[in-house]
Amino acid sequence: MSRIVYVNGDYVPEEEAKVSIFDRGFLMADGVYEVTSVLGGKLIDFDGHAKRLERSLSELDMAMPMSADDLLAIHRELVAKNGIDEGMIYLQVTRGAPGDRDFAFPPEDTPLTVVLFTQNKPGLADSPVAKQGIKVISIEDIRWGRRDIKTVQLLYPSMGKMMAKKAGVDDAWMVEDGAVTEGTSNNAYIVKNGTIITRQLSTDILHGITRAAVLRFAAEAQMKVEERPFTIEEAQDADEAFITSASTFVMPVVEVDGATVGTGRPGPVAARLREIYLEESRNAAI
Ligand code: PDD
């Protein structure tokens with residue numbers, strides 16, 4: 001069944017949605033995006049995603065195309081029109097379509113392109129994968145230097161995902177100067193002697209909205225958190241490992257570069273954090 005999507009002010013069936021071939025997103029990857037999850041027909045962490053969108057845009061000299069309240073209304077309208085109970089809403093804003101190709105930014109009054117669509121994922125929260133855990137390989141992080149901006153330049157993460165698939169595993173953790181930066185589309189963590197270790201925020205990684213919530217819940221539950229870089233060897237020697245993102249919530253990692261992590265089964269810290277995150281997020285969903 002065809003989805004109803006949002007494109008530049010209109011709600012249309014996906015086959016009818018059109019964006020110019022001159023769109024800067026298409027020609028230059030000149031755009032940013034957000035993925036917000038939906039549980040029980042409600043949006044998880046919407047405020048965090050709206051704030052990060054504003055920051056990503058501002059770092060690239062773009063303004064919010066509309067207020068966060070208007071964005072919220074569009075998200076809700078799409079959830080309703082497409083009958084989404086569990087899934088994701090993808091939002092993309094690009095620098096618009098100036099009508100030709102040019103490296104220089106177009107005039108500031110060029111309308112930004114705004115596109116949103118739903119991804120229906122029944123059973124997202126109760127994923128059987130979370131009960132097994134995922135396996136990762138490490139790859140070199142050769143992305144650009146502003147990974148804190150959520151741009152649509154996803155070619156290398158996409159290639160990383162394919163390298164993982166080719167190696168018969170689920171995802172890849174990227175490594176720079178000997179330390180893990182993050183997963184292809186998620187933040188990375190290990191647990192050693194009860195302490196949760198994850199790389200500190202900087203321009204090297206995306207400031208995950210799920211990460212912020214999970215670290216807050218961990219602190220509230222009196223868990224110890226250390227924000228610092230860690231190596232693949234540390235991960236292989238850890239008691240547990242996991243990732244976080246809007247689409248996976250908290251997902252245990254049970255193998256890193258062929259080495260079993262801990263018992264090879266999801267560990268208690270990751271399992272507990274997943275439980276707390278899902279419960280608290282459902283309660284706070286809007
Ligand atoms: N990815 N790091 C990277 C590189 C990401 O692409 C993402 C999100 C995250 C986690 O951020 P958050 O918790 O705000 O989702 C970390 C989304 C889900 C995606 O590209 O589909």
Side-chain angles (χ1 to χ4, degrees), residues 25 29 31-39 43-56 59 75 86-93 115-121 124-125 127 129-130 134 136 138-164 170-176 179-189 196 198-218 227 229 241-251 253 270 273-274 276-278 280-281 284-285:
V32 301
Y33 75 107
E34 283 296 331
V35 175
T36 304
S37 53
V38 178
L39 291 177
L43 299 158
I44 303 297
D45 280 332
F46 178 81
D47 287 348
H49 289 286
K51 285 203 182 80
R52 186 173 61 191
L53 173 69
E54 187 165 9
R55 179 177 180 278
S56 293
E59 291 296 300
H75 278 72
E86 290 196 359
M88 281 100 73
I89 312 274
Y90 178 86
L91 154 82
Q92 180 167 325
V93 179
V115 167
L116 288 94
F117 57 81
T118 54
Q119 293 185 285
N120 192 26
K121 305 269 180 196
L124 184 67
S127 155
V129 183
I134 63 163
V136 303
S138 63
I139 60 172
E140 195 190 342
D141 196 339
I142 57 168
R143 296 173 301 162
W144 80 324
R146 288 303 306 273
R147 301 156 191 162
D148 56 314
I149 308 174
K150 198 164 171 63
T151 76
V152 295
Q153 306 177 62
L154 296 178
L155 181 55
Y156 188 65
S158 176
M159 290 168 75
K161 194 82 180 172
M162 293 314 292
M163 292 183 227
D170 306 286
D171 202 5
W173 277 7
M174 292 177 280
V175 173
E176 186 172 57
V180 173
T181 51
E182 57 188 336
T184 58
S185 58
N186 45 69
N187 291 116
Y189 308 72
I196 299 162
T198 193
R199 196 181 179 100
Q200 71 279 14
L201 296 182
S202 71
T203 51
D204 296 338
I205 62 167
L206 187 74
H207 301 189
I209 302 304
T210 320
R211 176 189 185 281
V214 163
L215 292 189
R216 195 173 67 245
F217 298 142
E227 293 183 65
F242 62 94
I243 57 167
T244 64
S245 74
S247 50
T248 60
F249 311 120
V250 178
M251 179 64 69
V253 171
L273 281 174
R274 183 179 175 89
I276 300 176
Y277 178 78
L278 285 171
E280 298 275 345
S281 302

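The shown structure was predicted, so the numbers you read here are calculated from the model rather than taken from an experiment. We count ligands from 1, going down the list as the structure has it; atoms in each ligand are counted the same way.
The distance from atom CZ of Arg52 to atom CG of Leu206, rounded to the nearest 0.5 Å, is 4.5 Å. Note: Leu201 CG to Asp148 CG = 9.5 Å, rounded to the nearest 0.5 Å. Of the inter-residue distances, the one linking Leu43 atom CG with Ile89 atom CD1 reads 6.0 Å to the nearest 0.5 angstrom. Atom CZ of Phe242 is separated from atom CD1 of Ile134 by 12.0 Å, given to the nearest 0.5 angstrom.
For atom 21 (O) of ligand 1, the closest heavy atom belonging to the protein is Val35 CG2, 3.6 Å. Here the heavy atom of the protein found nearest to atom 19 (C) of ligand 1 is Tyr33 OH, 3.7 Å. Shortest contact from atom 17 (C) of ligand 1 to any protein heavy atom: Lys150 NZ, 3.4 Å. Of the protein's non-hydrogen atoms, the one nearest atom 13 (O) of ligand 1 is Thr210 OG1, 2.6 Å.
Contact annotation for Arg147 and ligand 1: no heavy atom of the residue comes within less than 4.0 Å of the ligand.
Just one of Thr210, Asp171, Thr244, Thr248 meets the side chain to side chain donor-acceptor pair (under 3.5 Å) condition when paired with Asn186; it is Asp171. Under the side-chain contact (heavy atoms from CB on, under 4.5 Å) rule, Tyr189 has a single partner from Leu273, Val253, Val250, Ile196, which is Ile196.
The residue from Ser37, Gly208, Ala246, Ala188 that puts a heavy atom closest to atom 11 (O) of ligand 1 is Gly208. Ranked by closest heavy atom to atom 5 (C) of ligand 1, the top entry among Gly183, Ser158, Ser185, Ala212 is Ser185.
The Asn187 neighbourhood of ligand 1 comprises atoms 10 (C), 16 (C), with distances under 4.0 Å to a heavy atom of that residue. Listed by atom number, the atoms of ligand 1 under 4.0 Å from Arg52 heavy atoms are 11 (O), 12 (P), 14 (O). Of all atoms in ligand 1, listed by their number and element, those nearer than 4.0 Å to a heavy atom of Glu182 are 2 (N), 3 (C), 4 (C), 16 (C). Numbered from 1 in the order shown, with element, the atoms of ligand 1 that lie under 4.0 Å from a heavy atom of Ser247 read 18 (C).
For the pair Thr184 and ligand 1, a heavy-atom separation below 4.0 Å is found.
Tyr90 and Phe117 have parallel rings, their planes meeting at less than 30° on a 0 to 90° scale where 60° marks the start of perpendicular.
Taking the charged nitrogens against the carboxylate oxygens, Glu182 and Arg211 have no contact shorter than 4.0 Å, which rules out a salt bridge.
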